[in-house]
> 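Quick one: structure below, then a few questions.
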Amino acid sequence: MLRLSGLKLPLDHPAEAMPAAICERLGIAPHELLNHVVVRRGNDARRKNAIQLVYTVDVELTDEAAVLARFDKDHDVRPRPDTDYKFVAKAVEGWSGKRPVVIGAGPCGLFAGLILAQMGFRPIILDRGKVVRERTKDTWGLWRRGELNPDSNVQFGEGGAGTFSDGKLYCRVKDPRFLGRKVLEEFVEAGAPDDILTEAHPHIGTFRLVTMVEAMRRQIEALGGEYRWQHRVEDIELERQGDGTQRLRGLHLHGGSFIEADHVVMAVGHSARPTFEMLHRRGVHIEPKPFSIGVRIEHPQSWIDRARFGQCAGHPALGAAAYSLAHHCANDRTVYSFCMCPGGRVVAATSEEGCVVTNGMSQYSRAEFNANSGLVVGIDPQRDYPEGPLAGIDLQRRLESLAYVAGGSSYNAPGQTVGDFLAGRASTQLGEVIPSYKPGVTLTDLSSFLPDFVLEAFREALPAFGRQIANYDHPDAIMTGVETRTSSPIRITRGKDFQSLNVAGLYPAGEGAGYAGGILSAAIDGIKVAEAVALGIAAR
């Protein structure tokens, strides 16, 4: 088969238009097209009054060699790639070696555990939180009653932070082995809608993610894997080798128990601050990493739909509109949208007492009233937190504590309308936009907790964004904060073998270790690290 990319058709094209368009694009007669399968569908909305759907299609032809020869310089016509996943190793039948351990049950740990289980290595998966349904109850406890469980919340527990998000399943990482396809196929097998295999920007939403991670847990357990919930790793056991290097020998857990282990996947999330502090004390090589800080901004979804799709807003083939914005400011800071959630809500995402953290989530339908996005400013260690590897964590905590106080010391989020923010005055009443954050929003002045350079950058960027998306800088749009958990503030450095640079047997992985930024990229990294672990076990 051949793969044809960039095939454009009108928004309301009939089904029979597809084969005709393929034949016209390839210059072939209808009888030469034997079959076609849609691989990917996106849209081109640059002309709002003439929006087009853009397809990637696998086609079967009577003479594929002749067509390839004719289009040999056309990158949109090429042989269909092999996207099937191939295991790098398999445990021998009856394998009874020392089992690998995965710390963290988020997307990275989930796929590291799944791949190891599918290869026959019966992993042990540890998580400080609870199974997803119990965790959901604890999370709602914060949202509805302002009661935080530090071990079971938006950040910690089965499914990780991605469970309470928009469930976006796309990323910008290079993926020559099509590991992302393996992730999507496993999700579909676990109950995700089939359209995630073909949509250019697939998403799932929280409710579906809950049932999916449960199904994947059952598969891992059926293959010999084991979950241990409410097991918090408090220390690691290291052994110095004859050549002076250190090797991991086990894990000390809260409560005093010990797990002997030679291969440990460190798949903790970006909020596992006590783990980062413990690793730093133990001398594991950690370096500070850039991340971003800011707020969540909300608009009615109908405003964004009209701005992006014009008269086509509401068309079922388009769904709720998203956006991606960036502006480089005069103060040499970049403001950009982050984790945009169409038709969703802003949620309380703290994992520590006395702190307020915002994040965004939405359901598969994306049918709630508001659109929200992170509005954030990039920061970096040398310029903003040069005090050491963990200085970014200190900065996060400081801002989150200030936001907690600004919100009334009750887990309410501090908020301000865009109009009041641009005018430099505290907000005292809402306009047309009603904030979605729970437990609630306390109107105030964002300058009480955001650094001056962030305020300055926002004041320049908001009008610029308003020129790109109508009403983006509308006076009634609402900003709530603080958004600090955009990515991990540290990187647990590793080598080409995916092991820590200075501790053999420790495999830093995923978002918390600084190697991913979202569900799909974290899952892909989990697969790569699981493969490295399997090869390491097989070589012993």
> If I take atom CE from residue Met119 and atom CG from residue Leu114, how far apart are they, to the nearest 0.5 angstrom?
9.5 Å
> Is the number of heavy atoms from other residues, nucleotides or ligands under 6.0 Å of Lys289 NZ greater than 12?
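Above 12, so yes.
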> Got more than 12 heavy atoms from elsewhere within 6.0 Å of CZ, Arg232?
yes
> Quick one: do Leu506 and Val284 satisfy side chain to side chain contact (heavy atoms under 4.5 Å, CB included)? Show the steps, please.
CA-CA 9 Å; Leu506 180 66; Val284 177; 3.9 Å; yes
> Under 6.0 Å from the six-membered ring centre of Tyr507 and within 45° of its axis: does the NZ or CZ of Arg494 meet both?
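The answer is no; the distance or angle limit is not met.
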> Does Ser257 reach the main-chain N or O of Leu253 with its side chain, forming a donor-acceptor pair under 3.5 Å?
no
> Any chance you could lay out the salt bridge (Lys or Arg N to Asp or Glu O under 4.0 Å) test for Arg249 and Glu237, step after step, and finish with the verdict?
CA-CA 5 Å; Arg249 288 305 185 197; Glu237 185 80 17; over 6 Å; no
> State, with a plain yes or no, whether a side-chain heavy atom of Thr480 is found less than 4.5 Å away from one of Val295.
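Counting from C-beta outward, Thr480 and Val295 never come under 4.5 Å.
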> Just do the salt bridge (Lys or Arg N to Asp or Glu O under 4.0 Å) check on Lys182 and Glu186 with the steps written out, would you?
CA-CA 6 Å; Lys182 168 69 169 173; Glu186 291 291 351; 2.7 Å; yes
> Within a 6.0 Å radius of atom CD on Glu239, are there more than 12 heavy atoms belonging to other residues, nucleotides or ligands?
yes
> May I ask you to check whether over 12 heavy atoms, not counting those of Lys98, lie within 6.0 Å of atom NZ?
yes
> Considering only heavy atoms from C-beta outward, does the side chain of Leu110 approach that of Met216 to under 4.5 Å?
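Leu110 vs Met216: side chains touch.
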> Can you see which heavy atom on Ala261 is nearest to which on Val101, and at what distance?
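In this case the closest contact between Ala261 and Val101 is CB-CG2, 3.9 Å.
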> Check whether any side-chain N or O of Glu147 sits under 3.5 Å from a backbone N or O of Gly141 as a donor-acceptor pair, and report yes or no.
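The answer is no, because no donor-acceptor pair under 3.5 Å joins these two groups.
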> Angle between ring planes, Phe258 versus His252, binned at 30° and 60°: parallel, tilted or perpendicular?
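Aromatic pair Phe258/His252 classed tilted.
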> Check whether any side-chain heavy atom of Arg485 sits under 4.5 Å from a side-chain heavy atom of Asn359, and report yes or no.
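The answer is no, as the side chains (C-beta and beyond) never meet within the 4.5 Å cut-off.
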> Looking at side-chain heavy atoms only, is the closest gap between Pro193 and Ile196 below 4.5 Å?
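Yes - at least one pair of side-chain heavy atoms lies under 4.5 Å apart.
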> Assess the pair His203 and Tyr364: is the distance between their ring centroids shorter than 6.0 Å?
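Between His203 and Tyr364, the centre distance is under 6.0 Å.
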> Answer yes or no: is there a donor N or O on one side and an acceptor on the other, between the side chain of Ser488 and the main chain of Gly512, under 3.5 Å?
yes
> With salt bridge (Lys or Arg N to Asp or Glu O under 4.0 Å) as the test, would you mind laying out the steps for Glu531 and Arg177 before giving the verdict?
CA-CA 13 Å; Glu531 292 175 340; Arg177 295 176 54 205; 2.8 Å; yes
> Quick check: are there more than 12 heavy atoms from other residues, nucleotides or ligands sitting under 6.0 Å from CG of Asp452?
no
> Kindly determine whether His328 and Thr334 satisfy side chain to side chain donor-acceptor pair (under 3.5 Å), including the steps that lead there.
CA-CA 4 Å; His328 190 70; Thr334 297; 2.9 Å; yes
> Checking the side chain of Asp384 only, and the main-chain atoms of Asp380 only, is there a donor and an acceptor separated by less than 3.5 Å?
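Answer holds: yes.
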> Do you know the tightest heavy-atom contact between Ala89 and Leu535?
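Scanning both residues completely, I find the closest heavy atoms to be CB-CD2, 4.3 Å.
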> With under 30° as parallel and over 60° as perpendicular, where do the rings of Tyr227 and Trp229 fit, or are they tilted in between?
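The arrangement is parallel - the two ring planes meet at less than 30°.
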> If I compare all heavy atoms of Cys329 with all of Val335, which pair ends up nearest, and what's the gap?
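Where Cys329 meets Val335 most closely, the heavy atoms are SG-CG2, 3.8 Å.
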> Would you please test Asp138 and Lys130 for side chain to side chain contact (heavy atoms under 4.5 Å, CB included) and show each step?
CA-CA 9 Å; Asp138 292 333; Lys130 301 178 182 179; 3.0 Å; yes
> Does the ring center of Trp143 lie less than 6.0 Å from the ring center of Tyr411?
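Distance test on ring centres: not under 6.0 Å, no.
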> For residues Val131 and Arg217, determine if any side-chain heavy atom of one lies less than 4.5 Å from a side-chain heavy atom of the other.
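The answer is yes; the side chains approach within 4.5 Å.
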> Could you grab the distance from atom OG1 of Thr211 to atom CG of Leu209, nearest 0.5 Å is fine?
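Going from OG1 on Thr211 over to CG on Leu209, the span is 8.0 Å.
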> Just by modelled atom types, is the Thr56 backbone N or O under 3.5 Å from a matching donor or acceptor in the Arg3 side chain?
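Here the side-chain-to-backbone pair does not exist.
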> Give me the ring orientation class for Tyr385 and Phe291: parallel if the planes are under 30° apart, tilted from 30 to 60°, perpendicular past 60°.
tilted
> For Thr484 and Arg397, run side chain to side chain donor-acceptor pair (under 3.5 Å): C-alpha distance rounded to whole Å, both residues' side-chain angles, the deciding distance at 0.1 Å, then the answer.
CA-CA 9 Å; Thr484 51; Arg397 279 183 171 139; over 6 Å; no
> Identify the two heavy atoms, one from Asn412 and one from Gly407, that lie closest to each other, and give their separation to 0.1 Å.
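Answer, listing the atom of Asn412 first, then Gly407: CB-O, 3.2 Å.
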> Can a donor-acceptor pair be found, under 3.5 Å and without considering hydrogens, that links the side chain of Asp151 to the backbone of Gly129?
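Flag not set: sc Asp151 to bb Gly129 has no pair under 3.5 Å.
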> So which atom in Glu234 and which in Met278 form the shortest heavy-atom distance, rounded to 0.1 Å?
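Looks like O-CG, 3.3 Å.
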> Quick one: are Cys339 and Lys168 in side-chain contact, heavy atoms under 4.5 Å?
yes
> For Thr198 and Arg40: C-alpha separation, side-chain torsions, deciding distance, then whether side chain to side chain donor-acceptor pair (under 3.5 Å) applies.
CA-CA 4 Å; Thr198 55; Arg40 186 61 50 89; over 6 Å; no
> Walk me through whether Gln219 and Glu189 qualify under side chain to side chain donor-acceptor pair (under 3.5 Å).
CA-CA 10 Å; Gln219 182 185 167; Glu189 181 69 20; over 6 Å; no
> Does Thr486 offer a backbone N or O that forms a donor-acceptor pair with the side chain of Ser292 under 3.5 Å?
no
> Any side-chain heavy atom of Val357 within less than 4.5 Å of one from Val482?
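With C-beta onward as the side chain, the pair stays apart.
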> Centroid separation under 6.0 Å, is that true for the rings of Phe465 and Tyr336?
no
> Are Leu395 and Leu399 close enough, and set up right, to give a side chain to side chain contact (heavy atoms under 4.5 Å, CB included), and what steps lead you there?
CA-CA 6 Å; Leu395 174 60; Leu399 295 176; 4.2 Å; yes
> For residues Asp394 and Glu387, determine if any side-chain heavy atom of one lies less than 4.5 Å from a side-chain heavy atom of the other.
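Of all side-chain heavy-atom pairs linking Glu387 with Asp394, none is under 4.5 Å.
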> Using salt bridge (Lys or Arg N to Asp or Glu O under 4.0 Å), reason through Glu400 and Arg273 one step at a time and then give a plain yes or no.
CA-CA 14 Å; Glu400 293 164 11; Arg273 293 166 174 173; 2.9 Å; yes
> Applying side chain to side chain contact (heavy atoms under 4.5 Å, CB included), run through Thr136 and Phe164 and close with a yes or a no.
CA-CA 9 Å; Thr136 299; Phe164 298 97; 3.7 Å; yes
> Taking Tyr515 for the side chain and Ile492 for the main chain, is one N or O donor matched with an acceptor at less than 3.5 Å?
yes
> State, to 0.1 Å, how close Trp95 and Ile537 come at their nearest heavy-atom pair, and which atoms those are.
CZ2-CG2, 3.8 Å
> Checking the side chain of Thr245 only, and the main-chain atoms of Gln241 only, is there a donor and an acceptor separated by less than 3.5 Å?
no
> Tell me whether the count of non-hydrogen atoms from other residues, nucleotides or ligands lying under 6.0 Å of NZ in Lys174 goes above 12.
no
> Taking the six-membered ring of Phe87 as reference, does the cationic atom of Lys90 (NZ for Lys, CZ for Arg) lie under 6.0 Å from its centre and within 45° of its axis?
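Yes.
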> For Arg80 and Asp58, indicate whether the former's side chain and the latter's backbone hold a donor-acceptor pair under 3.5 Å.
no
